[in-house]
Amino acid sequence: MTAMADQQEATTPGTSRERSRAISWALDRAPFLVACLMLVVIVAIYGTLQRDVFSLEEINLDVTATLTLLLAATGQTIVLIRGGIDLSIGGMISFGTVLAATQFGSDPGSVLLWSVIILCIGFAVGALNGLMISVLRLQPFLITLATWSILSGISLIILPTDGGQVPAFWSGFGGAQFLGLASPVWLLVLLMLFWFWFRSTRLGIAIKATGSNEKSAFLSGVSLTRINVVTYGLSGLFAAAAALYLTTQTGAGSPTIGKDYILPSVAAAVIGGVSLFGGRGSLAGTVIGALILTIIGNLVFVLHISSYWQPVASGVILLLAVLASSIAEKAARSDEQ
Amino acid sequence: MSVFWARNRLIVLAYVAMVALLLITARFSPGFLSESNLRSTLVLAAFVGIVALGQTFVIIGGGIDLSLPWVLNCAAIIMTLLAGSQDLPLLWIVPLVLAGAAGIGLINGIGVALFGVPPIIMTLATNVILQGLILVYTGGSPTPSAPPLIEYLAVGRIGAFPVIAILWAVLALIASLLLSKAAFGRHLYALGTSRTVAEFSGVPTQRTTILTYVISGLTAAVGGMLLTGYSGQAYLGMGDPYLFTSIAAVAIGGASILGGSGHYIGTVAGALVLTILSGLLPALNLSSGALLVVYGAVILLTVAVGSETLSDLGGLLFRRWRRD
C-alpha cells in the first residue's frame with residue numbers, strides 16, 4: 001500500500017495524461033508487488049521458526065497442500081477478472097469429490113472415464129450459470145448461490161456423510177515425483193503455461209476487456225452471453241479439477257467440503273492483486289496469494305497455537321487486501337472524473 | 001386497485017403459493033392441518049422469519065448479508081455459556097450479546113458504505129472470522145443447556161398461541177412500520193433503487209446502509225438466542241442452514257435482489273412457504289439434501305419471475321394478445 005502511494009506521489013509533476021498512465025501502471029502492478037513482499041516476509045518468519053524451509057522438499061509439500069485451493073482460485077480469478085463472482089464452486093467441489101468417491105471403482109478405464117465426465121459436468125454447470133446470468137440479467141452471486149445450494153443438495157443425496165473411496169493409484173498421485181519435484185509442482189507449471197497462453201488469446205483479452213468496461217467491450221463486438229458462458233464454464237471446470245485433485249489427497253468424498261474453498265478462493269485472488277471490480281489481475285498473483293494462505297496455515301501449526309486461528313488470519317488479511325484495493329479503486333475513479 | 005396490484009403482485013403471489021402449498025401438503029400427509037402441527041410449523045417459521053428480517057432490510061437497500069450464520073451461532077454459544085442455564089444473568093447477557101451483534105453489523109456496514117467493499121466479500125469475511133474466533137473461544141466443547149426463560153420464549157404458549165409467534169408478530173409490526181411509515185424506510189427504498197439519485201436527493205445513504213447491517217446483526221442474534229431454547233442448547237453449525245433460508249425467504253417474498261423493492265410482509269410469507277416445504281419433503285420421503293436442491297430451485301425460480309427479461313416477455317405477450 002505504501003509502495004502504491006509513493007508511486008502515485010512521484011508522478012504528480014507530470015502532465016495529466018502521463019500521470020493517469022502511471023497511476024494505471026501502479027494500480028496494475030502494485031498489489032502484486034505488495035503480495036510478493038508479503039510472501040517473502042511470511043516465508044522469512046517461517047524460515048526462522050522451522051528448519052529446512054528453503055529446500056526442494058518444502059516446495060513439494062507446500063505446493064501439494066496449496067493445489068486444491070489454487071485450482072479453485074484459478075477459476076475464480078477468471079470470473080473475477082470478468083467482473084463477476086462464482087459462489088457455486090462450493091457446491092461443485094463437493095459434488096466432484098462425491099461423484100469420484102462413489103463412481104470410480106478400481107478399474108483405471110472407469111477412473112479415466114469418470115474424471116472426464118466430472119470435468120464435463122463442471123464446465124456444463126458453470127456454462128449454465130453464465131447463461132442464466134446473461135439471459136435473466138441477474139447478479140452473478142445470486143445465480144451461483146442458488147446453484148451452490150442445488151449442487152450441495154445433490155451431493156448430500158448421493159453421499160449423506162463423508163465416505164466412499166478412490167483406488168490406491170489415484171491417492172498415490174501427490175506422492176509421485178519426477179526430477180525431484182512432486183507431481184503437483186508439475187501441475188502448477190502446466191497451469192502457469194496454460195495461463196501465459198490463455199491471457200493473450202482472443203478470449204482472454206475479451207474477458208479482461210469485458211471486466212474492465214462491459215459497455216465498450218460490447219460495442220467492440222464482444223458477445224457478452226458468450227463471454228459469460230465461457231468464463232463461468234471455465235470456473236466450473238477448474239472447480240471440478242480441484243475436486244478431482246482433492247480426492248487424491250483425502251482418498252474419499254465429502255458432501256460438505258466445498259464451502260470451505262469459496263472464501264479462500266476469492267481471498268487468494270484478491271491478495272494476489274486481482275481486482276474485485278473486474279479487469280485487473282493475473283494468475284501469477286493468485287498463485288502468490290494461495291501460497292501466502294497456505295504458509296500462514298503452516299505458521300499457525302509451527303507456533304503451536306489453535307488451528308482455528310488460521311481462518312481468522314486469512315479473513316483479516318483478505319479484508320486488508322480488499323480495503324487497499326477498494327481505496328485504490330476509489331482514488332482511480334475520482335482521478336478519472 | 002391496479003396500482004396496488006402492480007406494486008404488491010409478488011407479495012400476493014407469495015401468499016397464494018403458501019395457501020396452495022398448505023393444501024398440497026395436507027393431501028400428502030393427512031395430519032398436517034392438525035392444530036399441533038400447524039403450531040409447530042408456525043414456531044419453525046418464526047425462526048426463519050426473525051433471522052430473515054434483517055436480511056430483508058439489507059436486500060431492499062441493495063446489499064446482502066452472508067455473515068448471518070455465524071453471527072447467529074456466536075450469539076447462541078456466548079449466551080448459553082455465560083448464562084450457565086440461569087435466568088438472572090440474562091439481564092446483562094442479552095444486552096451484551098445484542099451490542100456485540102450490532103457491533104459486527106456496524107463493521108459490515110462501515111466496510112460496505114464507507115470503504116466500498118462489495119457486500120458479498122465483506123460479510124463472507126466477517127462470517128469466516130467469527131467462525132474461527134468462536135472456535136478458538138470454546139475449543140469446540142459443548143455448551144450448557146439454555147436458560148428456562150429462553151426455553152419458554154421459544155417453545156412456550158400463551159393460550160393457543162406459541163410465545164415466539166407473538167414475538168414474531170410484534171417484530172413484524174415494528175419492521176413494517178419502519179419500512180412504510182418512517183423516514184428510514186423511505187430512505188432505504190430510495191437507496192436501493194438508485195444510490196446516486198438518493199445521494200443527490202439528500203438521503204443519508206451511508207448511515208442508512210450501515211443501519212441495515214446493524215439491524216441484520218441484531219435479528220440474527222435474537223434468532224440465535226431463541227433457537228437455543230428450541231434445540232435445548234447451542235451447537236456449532238446451527239446457523240448454517242439460515243444462510244440459504246434467509247435469502248430464499250426474502251426472494252420468495254417478492255423483494256428484488258437488486259434492491260429498491262419488497263416488504264417484510266412478503267418475507268413473512270416466504271418464511272412460511274419454506275417451512276411448509278420442509279414439512280412436505282419428509283412426507284414425500286425426501287432427505288435434507290433434497291431440501292437444499294429445492295431452496296436453490298426456489299431462489300432461481302423466484303428471481304426469474306421477478307427478473308426484467310421475463311416481465312419484458314410477459315408484457316410482450318400481453319400486448320400481442322390485446323392486439324389480436
Side-chain angles (χ1 to χ4, degrees), chain A residues 85 87-88 91 132 134-160 255-256 259-260 262-264 266-267 270 276-277 305-327 329-330 333, chain B residues 59 64 66 107 111-112 114-122 124-140 237 240 243-245 247-248 251 256-259 286-310 312:
Chain A
I85 193 160
L87 302 179
S88 74
M132 284 190 287
S134 286
V135 171
L136 297 175
R137 276 180 272 161
L138 282 167
Q139 282 174 320
F141 86 84
L142 193 67
I143 298 292
T144 55
L145 182 90
T147 37
W148 168 20
S149 184
I150 292 173
L151 288 170
S152 309
I154 297 174
S155 315
L156 277 169
I157 293 172
I158 298 175
L159 194 69
T256 53
K259 69 176 190 311
D260 299 339
I262 300 172
L263 187 72
V266 179
V270 172
L276 278 171
F277 307 94
I305 51 180
S306 162
S307 65
Y308 300 133
W309 281 108
Q310 195 204 337
V312 180
S314 38
V316 170
I317 290 180
L318 166 69
L319 276 187
L320 290 179
V322 171
L323 276 181
S325 93
S326 300
I327 291 167
E329 192 81 14
K330 264 191 175 174
R333 285 215 189 118
Chain B
I59 287 178
I64 188 119
L66 304 182
I107 293 173
V112 171
L114 298 190
F115 293 102
V117 178
I120 311 166
I121 304 298
M122 188 68 214
L124 212 51
T126 40
N127 193 43
V128 167
I129 293 173
L130 283 178
Q131 178 179 8
L133 285 178
I134 200 73
L135 284 168
V136 171
Y137 177 59
T138 63
D240 287 348
L243 176 63
F244 292 125
T245 47
I247 296 170
S256 159
I257 293 287
L258 299 174
L286 291 169
S287 66
S288 63
L291 202 58
L292 278 177
V293 176
V294 170
Y295 287 160
V298 159
I299 294 179
L300 276 184
L301 249 167
T302 47
V303 297
V305 167
S307 82
E308 286 172 46
T309 312
L310 286 197
D312 287 359

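Since the model is a prediction, treat every value here as computed from it, not as a measurement. Letters A, B, ... are given to chains in the order of the sequence lines, protein chains preceding strands, and every chain is numbered from 1.
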With only heavy atoms counted, which part of [X] is less than 4.5 Å from chain A, the side chain, the backbone, both or neither?
{"X": "Phe115(B)", "result": "both"}
{"X": "Leu114(B)", "result": "backbone"}
{"X": "Leu291(B)", "result": "neither"}

Side chain, backbone, both or neither of Ile262(A) within contact of chain B (heavy atoms, under 4.5 Å):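 For Ile262(A), side-chain heavy atoms alone lie under 4.5 Å from chain B.
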Please state whether the side chain, the backbone, both or neither of Leu145(A) comes within less than 4.5 Å of a heavy atom of chain B.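 Interface part for Leu145(A): both.
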Please find the pair of heavy atoms, one from Ala146(A) and one from Leu300(B), that lie closest to each other, and give the distance.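 That closest heavy-atom pairing would be CB-CG, 3.5 Å.
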Over all heavy atoms of both residues, which pair between Gly296(B) and Ser149(A) is shortest? Give the atoms and the distance, please.
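The answer is N-OG, 3.6 Å.
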Roughly how far apart are Thr147(A) OG1 and Ile299(B) CD1, rounded to 0.5 Å?
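Spacing of OG1 (Thr147(A)) from CD1 (Ile299(B)) equals 10.0 Å.
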- When only pairs under 4.5 Å are counted, which of Asp240(B), Leu292(B), Asn127(B) shares the most heavy-atom pairs with chain A?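 Heavy-atom pair counts peak at Leu292(B).
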Side-chain polar contacts of residues 311-323 of chain A - donor-acceptor pairs under 3.5 angstrom, sequence neighbours left out - could you list them?
| unit_1 | atom_1 | unit_2 | atom_2 | d |
| --- | --- | --- | --- | --- |
| Ser314(A) | OG | Gln310(A) | O | 2.9 |
| Ser314(A) | OG | Pro311(A) | O | 3.3 |

Next on the checklist: I'd like to check Tyr295(B) versus Ile150(A) (side-chain heavy atoms, cut-off strictly below 4.5 Å). Are they in contact?
Outcome noted: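 When only atoms from C-beta onward are counted, Ile150(A) and Tyr295(B) do not touch, as no gap falls below 4.5 Å.
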- Task: Decide yes or no on side chain to side chain contact (heavy atoms under 4.5 Å, CB included) for Phe141(A) and Leu124(B), but give the supporting numbers first.
- Result: CA-CA 12 Å; Phe141(A) 86 84; Leu124(B) 212 51; over 6 Å; no
What residue, out of Ile157(A), Leu87(A), Leu156(A), has the most heavy-atom pairs lying under 4.5 Å from chain B?
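Greatest number of close heavy-atom pairs with chain B: Ile157(A).
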